[in-house]
Amino acid sequence: MVDYNLLPYQKELQDKAVAFTKEHITPYAVELDKADEIPMDLLQKAYEAGLMNLHVPKEAGGPGYNLLDETFVSEATGYGDAGCATSIMCNNLAFAPLMVDATIEQLQKYIQPLITGEKVKLGAFALTERNSGSDAGATTTMAEKQGDEWIINGRKCWITNAAKADLFTVFAQTDPKLGYKGIAVFMVPKDRGVEIGHIENKIGQRASNQAEVIFENVHIPEDCLVGEVGKGFHNAMKTLDKTRAGIAAIAAGVCQRCVDEASRFSITRKSFGSKIAKFQGIGFMLADMQGRALTAQQTTRYAAWLADNNMRNSTESAIAKVVASDNAMQNATDAIQIMGGYGYAEEYGMGVIFRGAKLLQIYEGTNQINRLVIMGNLKKRAKTLNTGFKLNYEGIDAPDHTWAPQ
Ligand SMILES: Cc1cc2nc3c(=O)[nH]c(=O)nc-3n(C[C@H](O)[C@H](O)[C@H](O)COP(=O)(O)OP(=O)(O)OC[C@H]3O[C@@H](n4cnc5c(N)ncnc54)[C@H](O)[C@@H]3O)c2cc1C
């Protein structure tokens with residue numbers, strides 16, 4: 001039996017995130033986007049409200065929420081502004097690889113001090129490099145063991161919240177001969193000598209900030225290694241299976257915001273003497289938009305629920321990411337269409353939503369890469385399928401010498 005009711009604590013968390021968004025994000029989204037920097041005041045407020053570091057276990061000073069709980073917060077904040085939501089959820093992403101493989105002692109030593117003080121502290125997830133984006137296994141940042149230390153050398157780019165981060169979760173190569181099987185994950189404290197380089201200049205989600213991160217002979221103690229050497233790529237894939245639901249949740253929030261702004265507009269704006277909501281051409285668009293918002297939300301919550309119940313969710317989290325972000329982009333496009341010139345005018349704020357939605361299709365694995373994940377899992381499944389339908393496929397393989405498109 002499926003129960004769609006939220007538990008009382010989940011409803012409380014969701015209500016808190018919705019109220020926070022209404023008070024601190026939605027009214028300031030355009031301003032924060034223009035400021036184009038990490039919104040530290042907002043993050044301090046989100047931290048004090050208990051909307052950050054959600055999945056850190058209670059034994060390490062966190063609130064111990066699960067992934068489904070996290071989606072309620074990201075959906076609510078994403079409704080206000082995808083950039084602010086990205087900044088707020090970034091600690092969840094930064095610490096996610098540690099939830100996969102770190103020991104409780106490591107969390108208590110390196111994470112607890114960051115999440116229990118008065119001031120908000122930031123973590124950053126450092127996987128991407130200039131020549132290793134989608135192809136995450138091509139990481140060239142090096143980690144070399146010397147005595148009881150690891151020495152990190154290399155550069156990461158596009159790292160969210162990096163400019164103000166105190167701890168970096170870094171994916172680095174320990175033995176280039178092994179390819180992706182040589183990668184390991186490390187916790188690298190900023191004060192060990194990490195430098196910040198180029199700040200990326202983006203067209204959207206400017207209330208979140210990305211920077212290049214430079215490691216030049218950065219020495220870290222051996223207990224900064226997370227999990228086993230050689231298991232870093234596996235960790236990254238397991239991490240993304242979890243965190244993609246977080247991005248999908250932001251996208252679900254964007255989807256619903258577009259429906260709400262466009263439908264509010266449609267019952268006010270008149271054309272040819274009637275409210276435009278009366279025109280079926282507009283109503284059908286709004287109906288499709290609401291369908292997309294619901295699909296985004298439900299695929300997201302299902303992907304998170306699977307992970308929380310220790311079920312493999314690689315296909316479902318990739319589907320949630322693709323469906324929710326494609327739907328967000330389509331809804332943002334349609335909302336602007338419904339709002340006509342007012343949708344396109346900078347001062348009405350839809351531009352921030354539209355440009356913010358685009359990024360949802362790119363980070364945490366582009367939607368092409370997520371489709372590859374789905375396709376790979378489908379191919380594996382097809383080999384084991386017996387549908388009961390008898391069809392003889394033998395002899396339909398095209399011989400090698402037949403014509404093929406050039
Ligand atoms: C705003 C922002 C925030 C980010 N935050 C972080 C962060 O905090 N930490 C972090 O580590 N990274 C972060 N990233 C990096 C992000 O994850 C990468 O940008 C993304 O994985 C794509 O890599 P790329 O940009 O190098 O594109 P590329 O990998 O060069 O891809 C270019 C194009 O080719 C397509 N493509 C590539 N390979 C294939 C294939 N096999 N089949 C089909 N199509 C393919 C891609 O889908 C894309 O359309 C962020 C990026 C942005 C823009």
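Ligands are counted one by one from 1 in listed order, and the atoms in each one are counted from 1 as well.
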the protein heavy atom lying closest to atom 8 (O) of ligand 1 turns out to be Thr160 N, 3.0 Å

Heavy-atom contacts under 4.0 Å between Asp135 and ligand 1: side chain, backbone, both, or neither? neither

Indicate yes or no: does Lys202 engage Asp33 in a salt bridge with an N to O separation below 4.0 Å. no

Would you mind checking which non-hydrogen protein atom is closest to atom 24 (P) of ligand 1, with the distance to 0.1 Å? Gly133 CA, 4.0 Å

So, Arg244 and Glu364, do they make that salt bridge, N to O below 4.0 Å? no

Could you check if a side-chain atom of Ile276 sits within less than 4.5 angstrom of a side-chain atom of Ile338, using non-hydrogen atoms only? yes

The closest protein heavy-atom partner of atom 32 (C) of ligand 1 is Ser134 OG, 5.0 Å

One residue to check: Leu372. Relative to ligand 1, which of side chain, backbone, both or neither has a non-hydrogen atom less than 4.0 Å away? side chain

Does the side chain of Ser87 come within less than 4.5 Å of Thr160's, by heavy atoms? no

Quick one: does Ser132 get an N or O within less than 3.5 Å of an N or O on ligand 1? no

For atom 19 (O) of ligand 1, what is the nearest protein heavy atom, given as residue, atom name and distance? Ile362 CG2, 4.3 Å

Residue Leu127 vicinity, atoms of ligand 1 by number, heavy atom under 4.0 Å: 11 (O)

closest protein heavy atom to atom 39 (C) of ligand 1 is Ile369 CD1, 3.8 Å

Going by the closest heavy atom to atom 10 (C) of ligand 1, which one wins out of Asn161, Val170, Thr128? Thr128

What atoms in ligand 1 come closer than 4.0 Å to a heavy atom of Lys202? 1 (C)

Under a 4.0 Å N-O cut-off, is there an ion pair linking Arg257 with Glu261? yes

Quick one: are Leu6 and Gln14 in side-chain contact, heavy atoms under 4.5 Å? yes

Check step by step if side chain to side chain donor-acceptor pair (under 3.5 Å) holds for Asp326 and Gln361. CA-CA 7 Å; Asp326 284 353; Gln361 296 176 305; 2.7 Å; yes

Answer with side chain, backbone, both or neither: which part of Leu359 has a heavy atom less than 4.0 angstrom from an atom of ligand 1? side chain

Which atoms of ligand 1 are found less than 4.0 Å from any heavy atom of Thr366? 22 (C), 46 (C), 47 (O)

Under 4.0 Å from atom 29 (O) of ligand 1, can you find at least one protein heavy atom? yes

Salt bridge present between Asp223 and Lys109 (N-O < 4.0 angstrom): yes

Of all protein heavy atoms, the one nearest atom 50 (C) of ligand 1 is Trp158 O, 3.5 Å

Could you identify the single nearest non-hydrogen protein atom to atom 9 (N) of ligand 1 and state the distance to 0.1 Å? Phe125 O, 2.7 Å

In terms of the angle between their ring planes, are Trp305 and Tyr302 parallel, tilted or perpendicular, with boundaries placed at 30° and 60°? parallel

Determine, stepwise, if the pair Leu32 / Asp81 fulfils side-chain contact (heavy atoms from CB on, under 4.5 Å). CA-CA 9 Å; Leu32 290 169; Asp81 177 59; 5.6 Å; no

Give the residue, atom name and distance (to 0.1 Å) of the protein heavy atom nearest atom 49 (O) of ligand 1. Gln368 NE2, 3.3 Å

Run the numbers on Gln173 and Thr141 for side chain to side chain donor-acceptor pair (under 3.5 Å), then give the verdict. CA-CA 6 Å; Gln173 179 58 263; Thr141 293; over 6 Å; no

